[in-house]
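Everything below concerns the one structure shown next.
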Amino acid sequence: MLRELGEDPMREGLLDTPKRVEKAYRFLTSGYQANIDQVLNNALFTVDYSEMVIVKDIDFYSLCEHHLLPFFGKCHVAYIPSTKVIGLSKIPRVVDVFARRLQVQERLTTQIATTLNEVLQPRGVAVVMEAVHLCMLMRGVEKQNSKAVTSAMLGAFRDRPETRAEFMELIKSRGGLMP
Ligand SMILES: [Zn+2]
């Protein structure tokens, strides 16, 4: 690749670059190796709680599968338990498992939602992701500062507009969704 770009791979600064790039990509795509059951092991609890649980402003970094360039931003997750809840710190881990793969933002959003839906079997799950894509920004395809927003709504969040509205309102307050 370096040679194709017109570089001299033997140049001092580039000598270790292939090794470093390989290591970086292995980490950035380590989600393929992750086992979701292992990530969630023993983090499910049975509770008598049926109000909305929200974890918002989860930072995530992913790679677009079309250009292998980063897209990154915030992820907001909510669910309404039926019998089980999950340790709150596990939700960002679930986001990472799917973000650390070659992705498109739409699929990433859906995978997080369907995984939580399967594991928790809640009354509903909502995931909203807002991200900037370097393949858009660096190549000047789109206006700077443009963000892509995707959402996946399941169960009560899909069926009940007032539940969805409550979630959207809660993630908007204090630095949530873009102004
Ligand atoms: Zn791209």
Side-chain angles (χ1 to χ4, degrees), residues 28 31 34 36-37 39-40 42-66 69-137 141-179:
L28 297 175
I36 205 77
D37 296 327
V39 169
L40 302 179
N42 305 323
L44 295 178
F45 309 99
T46 304
V47 288
D48 189 19
Y49 180 83
S50 57
E51 299 300 321
M52 196 182 298
V53 178
I54 300 186
V55 180
K56 65 177 190 172
D57 296 329
I58 302 167
D59 290 310
F60 76 90
Y61 296 86
S62 190
L63 286 172
C64 101
E65 67 184 16
H66 302 129
L69 286 172
F71 67 97
F72 57 94
K74 303 273 188 201
C75 176
H76 315 287
V77 174
Y79 69 98
I80 302 170
S82 87
T83 54
K84 282 181 279 186
V85 295
I86 184 176
L88 289 177
S89 67
K90 296 292 183 177
I91 291 180
R93 300 281 313 278
V94 173
V95 173
D96 276 344
V97 164
F98 294 105
R100 287 183 185 152
R101 298 179 186 197
L102 305 185
Q103 281 288 12
V104 295
Q105 188 178 328
E106 294 86 342
R107 185 175 64 225
L108 173 57
T109 309
T110 307
Q111 284 175 334
I112 296 165
T114 52
T115 299
L116 291 173
N117 200 45
E118 280 164 25
V119 172
L120 294 169
Q121 300 187 317
R123 288 163 207 232
V125 179
V127 178
V128 169
M129 303 190 90
E130 40 183 337
V132 293
H133 291 243
L134 290 191
C135 61
M136 287 162 71
L137 301 186
V141 178
E142 290 284 329
K143 285 195 178 67
Q144 298 296 314
N145 303 321
S146 65
K147 278 185 188 174
V149 181
T150 48
S151 69
M153 304 283 163
L154 302 175
F157 290 94
R158 175 180 288 259
D159 304 334
R160 303 189 64 233
E162 59 272 34
T163 304
R164 192 162 59 237
E166 185 189 346
F167 167 61
M168 295 308 277
E169 197 52 43
L170 286 163
I171 63 174
K172 221 170 12 180
S173 55
R174 197 180 58 79
L177 277 179
M178 54 196 175

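- The minimum heavy-atom distance linking P70 with L63 is given by the pair N-CD2, 3.9 Å.
- Side chain of K90 to main chain of L44: no donor-acceptor pair is present (N/O by atom type, distance under 3.5 Å, no hydrogens or angles).
- A distance of 14.5 Å separates CG of L154 from OH of Y79, quoted to the nearest 0.5 Å.
- Annotation: the span from R93 atom CZ to I86 atom CD1 amounts to 10.5 Å, rounded to 0.5 Å.
- Looking at M168, K172, E166 one by one, the single match for side chain to side chain contact (heavy atoms under 4.5 Å, CB included) with L170 turns out to be E166.
- Rounding to the nearest 0.5 Å places CG of L40 at 8.0 Å from CG of L120.
- Atom NE2 of residue H76 and atom CE of residue M129 lie 9.0 Å apart, to the nearest 0.5 angstrom.
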**Item:** side-chain contact (heavy atoms from CB on, under 4.5 Å) assessment of F72 paired with V132
**Value:** CA-CA 6 Å; F72 57 94; V132 293; 3.7 Å; yes
**Request:** Take L137 and F71, measure what side-chain contact (heavy atoms from CB on, under 4.5 Å) needs, and give me the verdict at the end.
**Result:** CA-CA 10 Å; L137 301 186; F71 67 97; over 6 Å; no
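- Here the closest non-hydrogen pair linking F60 and E130 is CE2-O, 4.0 Å.
- Between atom CE of residue M136 and atom OG of residue S146 there is a gap of 4.0 Å, rounded to the nearest 0.5 Å.
- Checking side-chain atoms of R123 against main-chain N and O of P81 turns up a donor-acceptor pair under 3.5 Å.
- To the nearest 0.5 Å, the span separating CG on N117 from CD1 on I112 amounts to 13.5 Å.
- Closest heavy-atom contact between F167 and A126: CE2-CB, 3.6 Å.
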**Request:** Please test D159 against M153 for side-chain contact (heavy atoms from CB on, under 4.5 Å), starting from the C-alpha separation and ending with a verdict.
**Result:** CA-CA 9 Å; D159 304 334; M153 304 283 163; over 6 Å; no
**Prompt:** Which is it for V104 and H66 under the side-chain contact (heavy atoms from CB on, under 4.5 Å) test, yes or no, and what are the steps along the way?
**Reply:** CA-CA 8 Å; V104 295; H66 302 129; 3.6 Å; yes
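- When all heavy atoms are compared, the tightest approach of S50 to I80 is O-CG2, 3.4 Å.
- Exactly one of R107, R101, Q103 qualifies for a side chain to side chain donor-acceptor pair (under 3.5 Å) with E65. That residue is R107.
- The two residues V95 and L108 make their nearest non-hydrogen contact at O-CD1, 4.5 Å.
- Without hydrogens or angle criteria, Q121 side chain to S82 main chain gives no donor-acceptor distance under 3.5 Å.
- In terms of heavy-atom proximity, A152 sits nearest to T110 at CB-CA, 4.2 Å.
- Counting only N and O atoms by type, the side chains of T150 and Q105 include a donor and acceptor under 3.5 Å apart.
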